[in-house]
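Single-structure report; data block below.
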Number of protein chains: 2
Amino acid sequence: MLRKSLSLADAIAETLKADIQAGTILPGTRLHQEDLAKRFSVSRVPVRDALFKLNSEGLVSIEANRGAIVTKLTPEQISEIYDLRLILECDALERAIKVMTPNDLPAVRRALKMCRLQADGGDWLTADNEFHRTIYRLSGRTKQVEIIDTLRASVQAYWAQYSTLATNESHWLEQHDALYRCIEQKDARRAVKLLRTHLIEASIKLIS
Amino acid sequence: MLRKSLSLADAIAETLKADIQAGTILPGTRLHQEDLAKRFSVSRVPVRDALFKLNSEGLVSIEANRGAIVTKLTPEQISEIYDLRLILECDALERAIKVMTPNDLPAVRRALKMCRLQADGGDWLTADNEFHRTIYRLSGRTKQVEIIDTLRASVQAYWAQYSTLATNESHWLEQHDALYRCIEQKDARRAVKLLRTHLIEASIKLIS
DNA sequence: ATATGTATAAATGTATACATTGTAGATTAT
DNA sequence: ATAATCTACAATGTATACATTTATACATAT
């Protein structure tokens, strides 16, 4: 496997992204360049690069001369993101099912298994993300998958908050199982319908 | 009107963006930090910031330790972008028509007029962009409009190439007129159908 | 002649230092 | 006491200098 040389900026960006998505750093938190530089024992330059990168992913908001804060979404904004995900993910799913071959199934099955392992306690959110991404990638639509990833990432921080309260993922595991069966049978119509309700339910839960 | 203080990085990014979209800087061109720094009479720092920003908009591609090049799209990638635009723009148009009031019409009419003025010779591409954006903004979907803008921007460079050869915008002006009439009558169904053919025609023209 | 390895040069990545902008606190005037 | 202005501090923006990585050219060996 080819390992690309990871710059400091990329490493910092990834760490911060993980912290934000895990809920360790809450939305609305100010991110001071100097503080972060001290935390990572580097200069402010790679920190700035990292913040710019996170800004481009929508995870932090930068105002000129006024610093960066972890993006805080209103319920309306979260709702809009879910509407976008609905459109883009359903389309990607449909395309994926149409072009995929039996050879692609093991990867999906593996991701599904990972979800079961991480169901309670473990890193459920990442496993869930990986399951969906595995499917969407089969569509071959690079840009579309990239946008979907960005949208999913930007709401993940709010799930981290949520799941500490009500950690009831078994319902979603069943939906994943059902989705896999549809994929296995190449039943795009039904798969899309499942995903649609999956996302709508999630949206409602998260906003309420 | 509130004028936000424009950092050097933002100014450089805007200039480069304009150059790329105008076709002055062609896709595939390497963008050396030092050269750009000399061109704008600044240090490499704001240049790097600008390149990161353009990278986040998909206009340039950055590889670690290997510099930045103006993003070069394959016909397949262009096609994918048009498919995404089709989905997102049609949805935005439909939503815009549903929520807009008669008070919103003058702005659209103004943008339409601008298109006529810039039809041949002038800055048609910008006027066309502004016309569509004016409509989509009425939907109130900030994130969605942002994504649409990014997608439109990333293919604009290829139109710049194209329009020097065959500058025949009158056909599209007619389509704009027709679209406006649908909007005026709040006929979302027909408007979406028009936009769909508008985009499909454009896609085919650009790729061939 | 091709391929490989090394050395040199050029470009990007990072650190440090300086400039500018924005903010908070205090002082003064109303 | 409140409002406004000025001053000092803190944070970001930018420039310069250094470190690391990558690419190019040349030499050498097969």
Side-chain angles (χ1 to χ4, degrees), chain A residues 1-20 24-72 146, chain B residues 1-20 24-72 146:
Chain A
M1 178 151 180
L2 183 62
R3 173 169 295 275
K4 59 183 172 184
S5 67
L6 206 51
S7 69
L8 281 182
D10 288 338
I12 294 170
E14 279 187 22
T15 306
L16 286 178
K17 182 174 179 177
D19 284 348
I20 293 172
T24 309
I25 305 178
L26 296 176
T29 308
R30 289 199 71 95
L31 297 175
H32 297 275
Q33 297 180 359
E34 224 153 344
D35 294 352
L36 294 174
K38 258 185 279 185
R39 173 180 165 192
F40 293 105
S41 303
V42 296
S43 80
R44 271 172 46 218
V45 180
V47 170
R48 281 170 57 79
D49 291 354
L51 289 177
F52 280 132
K53 183 161 191 167
L54 293 175
N55 177 55
S56 79
E57 296 176 21
L59 290 174
V60 310
S61 310
I62 296 181
E63 278 180 297
N65 294 321
R66 287 170 69 180
I69 65 171
V70 180
T71 303
K72 194 171 189 174
E146 187 185 303
Chain B
M1 177 154 181
L2 184 61
R3 172 168 295 274
K4 60 184 172 185
S5 67
L6 207 50
S7 69
L8 280 181
D10 288 337
I12 293 170
E14 280 187 23
T15 306
L16 285 178
K17 182 174 178 178
D19 284 349
I20 293 171
T24 309
I25 304 179
L26 296 177
T29 308
R30 290 198 72 95
L31 296 175
H32 297 276
Q33 298 180 0
E34 224 153 344
D35 293 352
L36 294 174
K38 258 185 279 184
R39 172 180 167 192
F40 292 105
S41 303
V42 297
S43 80
R44 270 172 45 218
V45 179
V47 169
R48 281 170 56 80
D49 292 353
L51 289 176
F52 280 130
K53 183 160 191 167
L54 294 176
N55 178 54
S56 79
E57 295 176 22
L59 291 175
V60 310
S61 310
I62 295 181
E63 278 181 297
N65 295 321
R66 288 171 68 181
I69 64 171
V70 180
T71 303
K72 194 170 187 172
E146 189 185 302

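Numbered from 1 within each chain, the chains take letters A, B, ... in sequence-line order.
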Atom of B/Ile69, atom of B/Gly28 and distance for their closest heavy-atom approach: CB-O, 4.2 Å

If you look at every heavy atom in A/Ala9 and A/Ala50, which pair is closest and at what distance? O-CB, 3.4 Å

Worked check of side chain to side chain contact (heavy atoms under 4.5 Å, CB included) between B/Ile12 and B/Val47: CA-CA 7 Å; B/Ile12 293 170; B/Val47 169; 4.3 Å; yes

Provide a list of protein-nucleic acid N or O atom pairs under 3.5 angstrom, restricted to nucleotides 11-13 of chain D.
residue	atom	partner	partner atom	Å
D/dT12	OP2	A/Gln33	N	3.4
D/dG13	OP1	A/Asn65	N	3.2
D/dG13	OP2	A/Gln33	NE2	3.4
D/dG13	OP2	A/Arg48	NH1	2.5
D/dG13	N7	A/Arg44	NH2	2.8
D/dG13	O6	A/Arg44	NH1	3.3

One pair to check against side chain to side chain contact (heavy atoms under 4.5 Å, CB included): B/Asp49 and A/Asp49. What are the steps and the verdict? CA-CA 7 Å; B/Asp49 292 353; A/Asp49 291 354; 4.2 Å; yes

How many whole angstroms separate atom CD1 of B/Ile69 from atom P of D/dA23? 12 Å

Is there side-chain contact between A/Leu54 and A/Leu16, with heavy atoms separated by less than 4.5 Å?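 In contact.
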
